[in-house]
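For reference, the structure discussed in these notes is given below.
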Number of protein chains: 2
Amino acid sequence: MPVPPQPTRAELAILRVLWQLGPSTVRRVHESLRDTQDKDTGYTTVLKLLQNMTEKGLVQRDESERTHVYEAALSQKRTQRDLLRDLMDRAFGGSASSVVAQALSMKRASAEELAEIRKLLDEHERRGK
Amino acid sequence: MPVPPQPTRAELAILRVLWQLGPSTVRRVHESLRDTQDKDTGYTTVLKLLQNMTEKGLVQRDESERTHVYEAALSQKRTQRDLLRDLMDRAFGGSASSVVAQALSMKRASAEELAEIRKLLDEHERRGK
DNA sequence: AACTGTCAACGACGGACGTCGTAGATGCCC
DNA sequence: GGGCATCTACGACGTCCGTCGTTGACAGTT
């Protein structure tokens, strides 16, 4: 439990809901998932997932009330960093610039995105010196 | 089989070997994995993986000789793009700039890497206009 | 021809994952 | 208090993944 393992696909989908809505009940997560997701998962499936995630330390559970409330244990940024680091090591030989190169090659790297990226790069450089 | 599924962790490790060495026998892949990897996988494990990957269309097999020769079916860049796209959608809401932001926040984004990234950005912009 | 080594093929197995059904506890309403 | 809804807990199941042992074919050696 010191460092929770990386979330699986289904677990990550749940974490996204928790990051967006904040601490939520199983029901709220389930309904939000139903709205967003194309796939249709049952209530008990979401419950089971959240129980597993509690076990793994991915979420924290408040059981003071009869209806438990779940909250993401790690921030979205932290989780994104961990996941990207993992993929970077496994598929890009640990090269950040290769990752950026691939990100740029995607259609969704729109004009606004490019401007945003350039701003990030400037900030990063300024902070670095 | 038109579009092969995404490689799993173990499969990706094998693909990395094939990209580096070019078309190779099971033995060569196995030995290369033994050198690089900390983990120690058996010969038949690598064989089985490669057989599965042939089934999935991730690699192509030349059986003209008794000792088969395997080759990656998709380029490294293409695979990297698919994998990054998937993670981008699942964890970053499809935002390329978020991915770049996280990539920059990593220790390994060294000075040379930053210069490389800036060059990529310039090229991309020049090509875009 | 017998032995030895290498190779592909196949089957099995344990674990993780996502799925859900069912049971049991708790709360609410008439 | 009886009945209904809601919630958690538990167990099961099918699938995929990575792992490996075993078997049988083939080739080279003596």
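Each chain gets a letter, A, B and so on, in the order its sequence line appears, and its residues count up from 1. In this text the structure is predicted, and so the values were computed from the model without any measurement.
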Note, B/Ile14 side chain near B/Tyr70 side chain (heavy atom, < 4.5 Å): no
Output the single nucleotide from [options] whose closest atom is nearest the side chain of [X].
X       : options                : value
A/Leu47 : D/dC7, D/dA9, D/dG18   : D/dA9
B/Thr44 : D/dT22, C/dG18, D/dG18 : D/dT22
A/Arg27 : C/dC17, D/dC7, C/dC10  : D/dC7
A/Val26 : C/dA8, D/dC17, D/dT8   : D/dT8
B/Thr45 : D/dC7, D/dA25, D/dT19  : D/dT19
B/Arg9  : D/dT8, D/dG18, C/dG18  : D/dG18

If I take atom [atom1] in residue [X] and atom [atom2] in nucleotide [N], what distance separates them, rounded to the nearest angstrom?
X       : N      : atom1 : atom2 : result
B/Glu65 : D/dG28 : CD    : P     : 11 Å
B/Leu12 : D/dC17 : CG    : P     : 13 Å
A/Asp40 : C/dG18 : CG    : P     : 16 Å

Reckon [X] has a side-chain N or O less than 4.0 Å from the OP1 or OP2 of [N]?
X       : N     : answer
A/Gln51 : D/dA9 : yes
A/Tyr43 : D/dT6 : no
A/Arg66 : D/dT8 : no

Hey, which of these two, A/Gln6 or A/Lys48, hits DNA chain C nearer its 5' end, going by closest nucleotide? A/Gln6
To check you understand the geometry: which heavy-atom pair defines the closest contact between B/Lys56 and B/Glu11, and what is its length? NZ-OE2, 2.7 Å
